[in-house]
Amino acid sequence: MMEYSVGVIGLGFVGLSHAVSLASAGYRVIGVDIDREKLGAIERGMPPFKEPGIDEVLRNTIGRSLIVSSRYEDLKEANIVFIAVNAPTTDKGQDLSQLESALDGLARAWRGLNDYRLVAIKSTVLPGTTRSLYKRFKMLSNMPRVGFASNPEFLREGRALEDIRNPSRVVIGGVDAESSEVLSGFWRDYYKRVGVDPPILVVEAEEAEMIKYASNVFLAMRVSFANTIARICEETPRCDALNVLYGAGLDPRIGVDYLKPGPGYGGSCLPKDTRALIHYADMHSIPVPLIRAVEETNRIQLERIIAILEEELGGIEGRVITILGAAFKAGTDDVRESRSIYLARELIRRGARVRLHDPLALDNARRLLGDIVEYHRDIDSALRSSDAVVIMTEWHHYKNIDWSKLKPGTLVVDYRRVTDPVSLEKMGIRVRAVGLSRKK
Ligand code: NAD
C-alpha cells in the first residue's frame, strides 16, 4: 500500500494505547474522540487511565506524530482508520450506537473519495456485525473502493503497550481478500518497525469476530473452573486449590496460566462478552449451558464471600469491613465490573460500614460508588480497628502488610491468596482463604 496515514476513532483504553504505539513507531496518527475532557487531558500529555509506560510514550508523541481532535473531518487524509469505540452489552443485546455514530462521522469525512481506504474494527463485536457495518458504511460514504475488516484486540490491561508491540497473534478478517491483504500489510510493516514477528492469522470477518468471543469466554471459563475446584477444595480435608490447580495445570493440555481461584472475573471485557455471546446464542436458539454456567459460577463466587462474612462475623450489619483493592485486577485503575464494586454495594445494603483501599483506582471507584464508602489511600488507616478485611485485588502492596497491627480476632478473607494464613493465625487473626480447606 501507499504511505500509511493512520486514524483511530475512540481514544479509550484500546484506542489511545494503539494511537501512541503507532505514533511512536513513526506513523502519522490522528486520534478522534467525542469526549472533550479526555481530549484535553491527552493534549496536555496526561493519559486518562493508568497503564505502564503510556505517560512517557504519550508525552513523546502528542503534538508531533500524534494529533487528537473531536472532528471526524480531520480524518480526511487518513487512509487506514481503526475503530476502537465500545459496544456494550445491554439487556437487548449488543449496543452498536457508538460504532454507528463513529462510522457515520467517518463516512461523511470520506464521502465520495475515489482512492482506496480501509476501516479496521478493533471493537469486540458479534459475528456478522463487521459485514453489516460495512454495507451501511459503503452506502453512506458512497466510496467505490473502501475496505473493511474485523481486527479484534487481545491486549491485557496493565500490559497494553507490551501486548500491542508483541501480541500473541494478530487476527484479520477482511470482508474481502483485498481488505485482509491491506490490513495484513499494515501490521507486517508495523511489526517490522518494532522488530517482532507475531503470527498473523487471516480468516473470514465472522471468524475473526468469533475468535475474540471464543478467547474471552474461554478465559472466563478458566476462572469459573478454578473457582469451582477451589470451592470443592475448601470442603475437602487438607486440600489447597493452589496446589491442586498447579498440579492439574502442569499438563500441557491444561496449562498453569490463568488458573487461580479468586473473587470472580470482572473488568470491561469478560462479563460483557460472556453476556453478549449468550444473547447471540439465544437469538439463534442455540443452547449454551456451558457459558451460562460460567456466568452463574461467577455470580455465586461473590455470594460466597458475603456468606463467609455473615458466618464469621455473626452478621454484617454495623460491622466495619475493609475491602483491599477496587481495580478488577492489579496493574490497572480500571474498576469496570470489578467484583469489589459489587461487593461494596452489597455490604452497604446489608448495613456494614465499608472502607476501600486501592493504590491506583480510588478516583474511579468514587465515580461509581459516590460517598457510600470511606476511601483510604493509606493501608494502615484502612485497616485500623476493622472487624474484617477482604482482599479483592492482587496488588503487591498487600503482600507486605504488617498484619500484627490488626486487633486480635480480626477476620481476613483472602480472595487473592496473597497472605500466609499460618503466620496470620499465629498472630491471632482468623483467616478464610479462597480454595483453602479449613478441615484438618
Ligand atoms: P473505552 O470505553 O475505554 O473507550 C471508548 C472510547 O470511545 C471512549 O473514549 C469514548 O469517548 C469514545 N467514543 C464513544 N463514541 C464515540 C464516537 N462516536 N466517536 C468517537 N469516539 C467515541 O473502551 P475500551 O476499553 O477501549 O474498549 C474498546 C473496545 O475494545 C471494546 O469493544 C472492548 O470490548 C474492546 N477491547 C477492550 C480491551 C480492554 O482491555 N479494555 C481489550 C480488548 C478489546
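Just so you know, these numbers use all the heavy atoms, side chains as well, and skip hydrogens, waters and symmetry mates. For ligands, and for the atoms within them, numbers begin at 1 and follow the listed sequence.
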Within the 4.0 Å heavy-atom shell around Gln98, which atoms of ligand 1 are there?
14 (C), 15 (N), 18 (N)
Main-chain N/O of Thr419 paired with Asp414 side-chain donor or acceptor, under 3.5 Å
yes
Against heavy atoms of Tyr72, which atoms of ligand 1 measure under 4.0 Å?
17 (C), 18 (N), 19 (N), 20 (C)
Is it true that His357 and Tyr398 share a donor-acceptor pair across their side chains at a distance under 3.5 Å?
yes
At what distance is the nearest protein heavy atom to atom 32 (O) of ligand 1, and which residue and atom is it?
Thr124 N, 2.9 Å
Nearest-option assignment for atom 26 (O) of ligand 1, heavy atoms, candidates Leu11, Val14, Val125:
Val14
Closest heavy-atom contact between Arg304 and Arg432?
NH2-NH2, 3.5 Å
Any nitrogen or oxygen of Lys272, main chain or side chain, under 3.5 Å from a nitrogen or oxygen of ligand 1?
yes
Can you tell which of Leu39, Ile121, Thr89, Ile34 gets a heavy atom nearest to atom 15 (N) of ligand 1?
Ile34
Report, in ascending order of atom number, the atoms of ligand 1 lying under 4.0 Å from any heavy atom of Asp35.
11 (O)
In ligand 1, which numbered atoms sit nearer than 4.0 Å to a non-hydrogen atom of Ala84?
5 (C), 28 (C)
Taking Gly147's backbone N and O only, do any of them form a donor-acceptor pair with Ser179's side chain (distance below 3.5 Å, no angle check)?
no
Return a yes/no value for Lys38: is any of its N or O atoms, backbone included, closer than 3.5 angstrom to an N or O of ligand 1?
yes
Near Gly10, which atoms of ligand 1 are under 4.0 Å from a heavy atom of that residue?
6 (C), 7 (O), 12 (C), 21 (N)
Report the residue from Glu209, Glu207, Glu204 that forms a salt bridge (charged side-chain N to carboxylate O under 4.0 Å, His left out) with Arg131.
Glu204
With a cut-off of 4.0 Å, which atoms of ligand 1 are near a heavy atom of Glu157?
39 (C), 40 (O), 41 (N)
Just say parallel, tilted or perpendicular for the rings of Tyr280 and His284, cut-offs at 30° and 60°.
tilted
Donor-acceptor pair, Lys122 side chain versus Asn151 backbone, under 3.5 Å?
yes
Give the residue and atom name of whichever protein heavy atom lies nearest to atom 4 (O) of ligand 1, and the separation in Å to one decimal.
Gly12 CA, 3.2 Å
Parallel, tilted or perpendicular: ring planes of Tyr134 versus Phe148, cut at 30 and 60 degrees
tilted
Is the Phe186 to Phe82 ring centre distance short of 6.0 Å?
yes
What protein heavy atom is closest to atom 3 (O) of ligand 1, reported as residue, atom name and distance in Å?
Phe13 N, 3.3 Å
Backbone N/O of Leu126 and side chain of Gln94: donor-acceptor pair under 3.5 Å
yes
Judging by distance only, is a nitrogen or oxygen of Arg336 under 3.5 angstrom from one on ligand 1?
yes
Quick check on contacts: which atoms of ligand 1 are under 4.0 angstrom from a heavy atom of Ile9?
19 (N), 20 (C)
May I ask you to check if ligand 1 and Asp33 share an N or O to N or O distance below 3.5 Å?
yes
Side-chain donor or acceptor of Thr129 paired with backbone N/O of Val125 under 3.5 Å:
no
Taking non-hydrogen atoms only, is Glu37 closer than 4.0 angstrom to ligand 1 via side chain, backbone, both or neither?
neither
Applying a heavy-atom cut-off of 4.0 Å, say which part of Cys269 lies close to ligand 1: side chain, backbone, both or neither.
side chain
How close do Arg355 and Ser381 get, heavy atom to heavy atom, and via which atoms?
NH1-O, 3.5 Å
So which bit of Ser123 gets within less than 4.0 Å of ligand 1, heavy atoms only: side chain, backbone, both or neither?
both
Look only at the side chain of Asp95 and the backbone of Thr89, and say whether a donor-acceptor pair between them is shorter than 3.5 Å.
no
Taking only non-hydrogen atoms of Arg156, do any sit less than 4.0 angstrom from ligand 1?
no
Shortest protein contact, atom 13 (N) of ligand 1 (heavy atom only)
Val85 CG1, 3.7 Å
